[in-house]
Amino acid sequence: MLVKTFCAAVNGLEVTTVTVEVSIARGIMYHLTGLADAAVKESHDRIVAALQNNDIKFPTADITVNMAPADLRKEGSSYDLPLAIGILAAIEKVKPDKLSSYMLVGELGLDGKIQPIRGALPIAIRARKEKFKGLIVPKLNVREAAVVNNLDVYGMDNILEVINFLNGESDIQPTFVDTRREFYEQQCSFDLDFEDVRGQDNVKRAMEVAAAGGHNIIMIGPPGSGKSMMAKRLPSILPPLSLAESLETTQIHSVAGKLGKNMSLISQRPFRAPHHTISQVALVGGGNNPQPGEISLAHNGVLFADELPEFNKTTLEVLRQPLEDRKITISRSKYTIEFPCSFMFVASANPCPCGYYNDPTHTCVCTPGQIQRYMNKISGPLLDRIDIQIEITPVPFNDISRTAPGESSAVIRDRVIKARQIQEARFHDHKGVHCNAQMSERMIHRYAEPDKAGISLLRSAMDRLNLSARAYNRILKVARTIADLEGSEQILPQHLAEAISYRNLDRGDWAERGK
């Protein structure tokens, strides 16, 4: 007897429907074809034990299983459930009538329990696209998959529940998730708020400008000056995720297995802070079973690199292309996969090896040469992609001890949202451009060209401060954002002056100032 069940293969964010064909004849052999990896081949042993421990005898027969398309790599343990149901249907323990209407995924434990899998959300999206009536997933994945509308999603805890459901012996109802209500309820709930930050008004202003224009930012300052504290609060002032962005972000985290138990949609922008010992593969993604890296997990959110000069230099260099293209293509001998990675890059760094250069409360023991060599660990091409460079000094005790809280994230966020709305309207006809940081050189000349007074100020600043040529476009982008925050159509000299003040590391005498 020949029986077919349906499941899905997840490669990156691409999902392909897989047909499991089970044929039974007289004999005692078990054959599995279809380019299956070791985890899929091991499913035979798990299925046998799971059935026996639920008083179902595994058939003594010649069983041939084909997973089509046969030339597509099948990886992982999510095929256990469709394989087991296919075998049971072939020996008439499960009625075959409903099998063509449902997609099944799940890993089997030896006791028959259905264990959670990766990629339940993109699988659900594929099931709806293929016009399946429903999707059967592990119970712990049901809320994640149920955010897809027009698809009946059933969360099952044990293989017996699946058998009874397909045989019409139980009346299990599909799970319903009010996606929009849950999404909007959780959007504005943050544990960290900028009102906790006392002093550092100039740095908070720089963070606001960065958030308003989507600009990358680096903070340079001594230990304890508040760099990490403010970076962690950046998501609280970024514009809220749209439902489409949330769905895209959730898919990436679903494929990586990073969603929490019983979680549906990610409603807040991701914040990823990898340690400086991270490898290239962990940062950009890949591996034997290709997985998204930290830059993709930070998609639509923030990637924070604390102590940037301590990162391996070759690891940092792989960021250059993703920062420009906002996507990463991973090519290996067996596969080519593309992951999105549109993120705000936020970095912090000590100003020198001892950490106390320009610190008014400590004496720096480093020479200008040592300071320059330390900062040279950050390459020019990478620094070129960071629009805002701001120095931080420790907050005096009088500011720390003030009882008055700082400006709240909600107030700052309102200003950021208004500035982003201006940019959305401005770039409406430019596909893929949503904020000032994404402007091309041609767009800079069109939307961020200063007047004669502004040009004169720029020329004077570049000569006097010995700014590099690469700083020119970055200053104009940031000035355009500052003007948007003030609701100004024109870029005024004061906007340019503030933007120029955010190019500290471009100054030729940076390592010698204060010595």
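All values reported here derive from a predicted model rather than from experimental measurement.
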(message) Any donor-acceptor pair under 3.5 Å linking the side-chain atoms of Ser254 with those of Glu144?
(response) yes

(request) Any pair with a residue in residues 215-243 that passes salt bridge (Lys or Arg N to Asp or Glu O under 4.0 Å), sequence neighbours left out, goes on the list, sorted by first then second residue, please. (result) Asp196-Arg233

(message) Under a 3.5 Å distance rule, please check whether Arg272 uses its side chain to pair with a backbone N or O of Phe304 as donor and acceptor.
(response) no

(request) Report the relative orientation of the aromatic rings in Tyr356 and His362; use parallel for angles under 30°, tilted for 30 to 60°, perpendicular for over 60°. (result) parallel

(message) According to side-chain hydrogen bond (donor to acceptor under 3.5 Å, both in side chains), who are the partners of Ser331, at least two apart in sequence or on a separate chain?
(response) none

(message) Would you compute the distance between atom OH of Tyr447 and atom CD1 of Ile491 and round it to the nearest 0.5 angstrom?
(response) 13.0 Å

(request) Apply the test side-chain contact (heavy atoms from CB on, under 4.5 Å) to residues Leu283 and Leu319: give CA-CA distance (whole Å), side-chain angles for both, the deciding distance (0.1 Å), then the verdict. (result) CA-CA 9 Å; Leu283 188 63; Leu319 286 175; 4.0 Å; yes

(message) Check whether Gln200 reaches the backbone of Ser225 with its side chain - one donor and one acceptor, N or O, closer than 3.5 Å.
(response) yes

(request) With sequence neighbours excluded, give me every salt bridge (Lys or Arg N to Asp or Glu O under 4.0 Å) pair touching residues 482-498. (result) Arg205-Glu498, Arg426-Asp484, Arg480-Asp484

(message) Using modelled atom types and a 3.5 Å cut-off, is there a donor and acceptor pairing between side-chain atoms of Arg503 and backbone atoms of Ala499?
(response) no

(message) Show the nearest heavy-atom pair for residues Pro239 and Ala211, with the distance to one decimal.
(response) CD-O, 4.5 Å

(message) Just verifying a value: how many Å separate Asn11 CG and Thr336 OG1, rounded to the nearest 0.5 Å?
(response) 11.5 Å

(request) List the steps and the verdict of side-chain hydrogen bond (donor to acceptor under 3.5 Å, both in side chains) for Ser236 and Asp193. (result) CA-CA 7 Å; Ser236 68; Asp193 195 291; 5.7 Å; no

(message) With rounding to the nearest 0.5 angstrom, report the OH to OG1 distance, Tyr357 to Thr363.
(response) 14.0 Å

(request) List in chain and number order the residues that pass ring-ring contact (aromatic ring centres under 6.0 Å, His included) with Tyr374, two or more places apart in sequence or in another chain; answer none if no residue qualifies. (result) none

(request) Output, in order, the C-alpha distance, side-chain angles, deciding distance and verdict of side-chain contact (heavy atoms from CB on, under 4.5 Å) for Phe343 and Arg326. (result) CA-CA 7 Å; Phe343 58 90; Arg326 300 182 181 271; over 6 Å; no

All N/O donor-acceptor pairs, side-chain side in residues 450-462, below 3.5 Å, sequence neighbours left out:
unit_1: Asp451; atom_1: OD1; unit_2: Ala453; atom_2: N; d: 3.3
unit_1: Asp451; atom_1: OD1; unit_2: Gly454; atom_2: N; d: 2.8

(request) Please confirm whether the backbone N or O of Glu307 pairs with a side-chain atom of Glu310, one donor and one acceptor, at under 3.5 Å? (result) no

(message) Testing the basics here: between Pro351 and Pro222, what is the closest heavy-atom pair and its distance to 0.1 Å?
(response) CD-N, 4.0 Å

(message) Treating Asn350 as the side-chain partner and Cys352 as the backbone partner, does any N or O pair qualify as donor plus acceptor under 3.5 Å?
(response) no

(request) Check whether any side-chain N or O of Asn141 sits under 3.5 Å from a backbone N or O of Ile117 as a donor-acceptor pair, and report yes or no. (result) yes

(request) Under the side-chain contact (heavy atoms from CB on, under 4.5 Å) rule, collect the residues that match up with Ser296, sequence neighbours excluded. (result) Ile252, Pro292, Ile328, Phe339, Cys341

(request) With Val148 as reference, evaluate Leu247, Ile125, Leu135, Ile123 under the side-chain contact (heavy atoms from CB on, under 4.5 Å) test and give the passing residue. (result) Ile125

(message) Nearest 0.5 Å, please: how far is NE2 in His275 from CG in Asp306?
(response) 9.0 Å

(message) Can you confirm whether more than 12 heavy atoms, excluding those of Asp178, are under 6.0 Å from its CG atom?
(response) yes

(message) Looking at Ala419, is its backbone amide N or carbonyl O close enough to the side chain of Gln423 to form a donor-acceptor pair, meaning the two atoms are under 3.5 Å apart?
(response) yes

(request) Check whether any side-chain heavy atom of Ser78 sits under 4.5 Å from a side-chain heavy atom of Val10, and report yes or no. (result) no

(message) Test of understanding: with side-chain contact (heavy atoms from CB on, under 4.5 Å), list the residues that count as partners of Thr250, not counting sequence neighbours.
(response) Leu121, Ser246, Leu259, Leu265, Ile266

(message) If the condition is side-chain contact (heavy atoms from CB on, under 4.5 Å), which residues does Gln115 pass it with, not counting sequence neighbours?
(response) Glu107, Lys113

(message) How about CZ on Arg442, more than 12 heavy atoms from neighbouring residues, nucleotides or ligands closer than 6.0 Å, or not?
(response) no

(request) Quick one: list whatever passes side-chain hydrogen bond (donor to acceptor under 3.5 Å, both in side chains) with Gln321, sequence neighbours left out. (result) Asp325

(message) Tell me if a side-chain donor or acceptor on Asp384 pairs with a main-chain N or O of Gly380 at a distance below 3.5 Å.
(response) no

(request) Might you confirm whether atom NZ of Lys313 has over 12 heavy atoms from other residues, nucleotides or ligands at distances under 6.0 Å? (result) yes

(message) I need the full list of salt bridge (Lys or Arg N to Asp or Glu O under 4.0 Å) pairs touching residues 407-420, with sequence neighbours left out, sorted by first then second residue.
(response) Glu208-Arg415, Glu407-Arg415

(request) Applying side-chain contact (heavy atoms from CB on, under 4.5 Å), name anything that partners Asp37, two or more places apart in sequence or on another chain. (result) Ala39, Val40, Glu75

(message) Measuring only between side-chain heavy atoms, which start at C-beta, is Ile482 closer than 4.5 Å to Tyr502?
(response) yes

(request) Using the salt bridge (Lys or Arg N to Asp or Glu O under 4.0 Å) rule, collect all pairs that involve residues 236-247, keeping only residues at least two apart or in two chains. (result) Glu245-Arg269

(message) Any salt bridge linking Asp387 with Arg474? Criterion: basic side-chain nitrogen under 4.0 Å from a carboxylate oxygen.
(response) yes

(message) Any side-chain to backbone donor/acceptor pair from Ser409 onto Phe194? Under 3.5 Å, distance only.
(response) yes

(message) For the CG atom of Leu308 and the CG atom of Leu316, what is their distance to the nearest 0.5 Å?
(response) 5.0 Å

(request) With rounding to the nearest 0.5 Å, note down the distance linking NE2 in His299 to CD in Glu294. (result) 15.0 Å

(request) Check the pair Val346, Leu303 against side-chain contact (heavy atoms from CB on, under 4.5 Å), reporting the backbone distance first and the verdict last. (result) CA-CA 6 Å; Val346 180; Leu303 180 73; over 6 Å; no

(request) Classify the side-chain pair Thr481/His215 by whether it contains a donor and acceptor separated by less than 3.5 Å. (result) yes

